Visitor: 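Sending over a structure as structure tokens; questions will come in a sec.
The structure presented is a predicted model; accordingly, all values stated were derived computationally and were not measured. Heavy-atom basis, side chains included; hydrogens, waters and symmetry copies ignored.
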Amino acid sequence: SIAAVSSGSVKSTIRLYFRPRATLAADNHPRATDATETLKDHRMRKLLIVGLVLVSSSLSAPFDSVVSARGNNRAQGGQTKRPATFDDVLSLKAVQGATVSPDGSQAIYTVAQWDAEQDKMERRTRVWKVATNGSTPARQITFGEKGDWQPQWSPDGKYISFVSARGGADAKAQIYLMQADGGEAWKLTDAKEGVPTGGFGGANYTWSPDSARIAYVSTDARSAEEEANIKKRDDERVFEGDFRYQHAWVVDVHTKQSTRITEGTAYTLQGAPSWSPDGKRFVFGGATTLMLRDNRRDIYIATIETKQVD
């Protein structure tokens with residue numbers, strides 16, 4: 001029996017092989033010495049279904065090949081097995097962060113895998129897109145050299161945003177935009193310390209309801225004196241002393257102009273702000289310090305126009 005299973009671009013083929021198998025069961029004469037008669041009496045009492053399930057899945061292209069147990073393998077009673085190798089582990093891919101488009105026709109998600117880079121292996125994450133009805137295969141839509149994270153749809157469905165560090169070894173992660181139907185991505189933010197690539201809730205930016213602005217989190221930049229000391233290697237490292245707080249900014253999608261909304265040392269943001277339906281305010285969670293052992297937390301509301309925080 002053969003069954004083909006398809007969900008989007010994920011296709012699987014299942015082959016089941018059946019054979020009857022006589023089994024011994026307890027009878028009224030447990031001490032019977034005639035094994036042949038016992039087997040005959042209980043023949044066909046139970047049918048053992050031996051299923052060999054062979055699944056081949058693909059996230060990036062149509063189903064290319066099916067592995068089947070035939071010939072010698074079937075005669076030996078199963079598929080040839082071997083110990084897992086280090087290369088097998090490096091070939092594993094992880095799917096994360098799936099998000100459906102506002103009209104429900106498309107989904108974007110990230111695929112993490114190991115890539116060879118010079119003499120070492122680096123874990124890279126890239127953004128993929130697939131039709132939710134399975135009409136077209138999934139395809140990779142971002143190709144950042146260091147990876148791409150936190151993909152989101154704009155509320156109007158026109159744009160796809162993500163965080164990526166592009167432009168050299170010292171490049172900071174920034175928010176990038178691209179048209180929903182494809183094309184080159186462009187950099188939206190230019191935060192000096194970049195946009196964090198992870199954190200509480202899995203993202204550090206959110207779209208406004210009207211798709212015109214994005215609120216994001218960024219770490220306070222070092223002062224000119226601190227930067228100079230770092231270059232001179234005259235920067236002592238004090239345990240739990242580098243308290244550079246994270247604060248909220250809002251960037252205009254069309255002008256690329258960023259405005260700082262929160263500041264100070266009363267709190268440090270944790271996770272992306274959440275917009276009000278009218279787009280005039282957003283709420284965010286703040287911690288008293290950056291120390292993990294400091295569990296003091298609070299919720300704040302910021303008014304965008306006046307920058308007032310309550």
Visitor: Between the side chains of Thr289 and Asp294, is a donor N or O closer than 3.5 angstrom to an acceptor N or O?
Guide: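 There is such a pair between these side chains.
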
Visitor: Can you list every pair that meets salt bridge (charged side-chain N to carboxylate O under 4.0 Å, His left out) and has a residue in residues 143-154, with sequence neighbours left out?
Guide: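 Passing the test, one end in residues 143-154: Asp148-Arg166.
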
Visitor: Would you say Thr219 and Tyr245 are linked by a side-chain donor-acceptor pair, where the criterion is simply a distance under 3.5 Å?
Guide: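 There is no such pair (donor and acceptor under 3.5 Å, judged by atom type) between the side chains of Tyr245 and Thr219.
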
Visitor: Just by distance, with hydrogens left out, do Thr110 and Trp128 show a side-chain donor and acceptor under 3.5 Å apart?
Guide: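 No donor-acceptor contact under 3.5 Å links the two side chains.
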
Visitor: Show every ring pair (Phe, Tyr, Trp, His ring centres under 6.0 Å) that has at least one partner inside residues 258-289, sequence neighbours left out.
Guide: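 Those involving residues 258-289 are His247-Tyr267, Tyr267-Phe284, Tyr267-Tyr300, Trp275-Phe282, Phe284-Tyr300.
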
Visitor: Output a table of donor-acceptor pairs, distance under 3.5 Å, between side-chain atoms of residues 171-190 and any protein atom two or more places apart or on a different chain; print 'none' if there are none.
Guide:
unit_1: Gln174; atom_1: OE1; unit_2: Thr189; atom_2: OG1; d: 2.8
unit_1: Gln174; atom_1: OE1; unit_2: Ala191; atom_2: N; d: 3.0
unit_1: Gln174; atom_1: NE2; unit_2: Ala191; atom_2: O; d: 2.8
unit_1: Thr189; atom_1: OG1; unit_2: Ile175; atom_2: N; d: 3.0

Visitor: Side-chain donor-acceptor pair under 3.5 Å between Arg297 and Gln270, yes or no?
Guide: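 Arg297 vs Gln270: donor-acceptor pair found between side chains.
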
Visitor: Walk me through it: do Val251 and Tyr216 pass the test side chain to side chain contact (heavy atoms under 4.5 Å, CB included)?
Guide: CA-CA 8 Å; Val251 60; Tyr216 65 93; 3.9 Å; yes

Visitor: Can Ser101 and Asp103 be counted as having a side-chain donor-acceptor contact under 3.5 angstrom?
Guide: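 On atom types as modelled, these side chains qualify, holding a pair under 3.5 Å.
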
Visitor: Check Asp310 with Arg281, please: is the shortest side-chain N to carboxylate O separation under 4.0 Å?
Guide: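 Here Arg281 does not pair with Asp310 in a salt bridge, since their nearest N and O are not under 4.0 Å apart.
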
Visitor: Taking NZ, NE, NH1 and NH2 as the nitrogens, is one of them in Arg260 or Asp220 under 4.0 Å from a carboxylate oxygen of the other?
Guide: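 A salt bridge is present here (some side-chain N lies under 4.0 Å from a carboxylate O).
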
Visitor: Where do Ile108 and Trp153 land on the side chain to side chain contact (heavy atoms under 4.5 Å, CB included) test, with the steps shown first?
Guide: CA-CA 8 Å; Ile108 53 176; Trp153 294 92; 3.3 Å; yes

Visitor: Apply side chain to side chain contact (heavy atoms under 4.5 Å, CB included) to the pair Trp114 and Ser91, showing each step before the final yes or no.
Guide: CA-CA 7 Å; Trp114 291 96; Ser91 67; over 6 Å; no

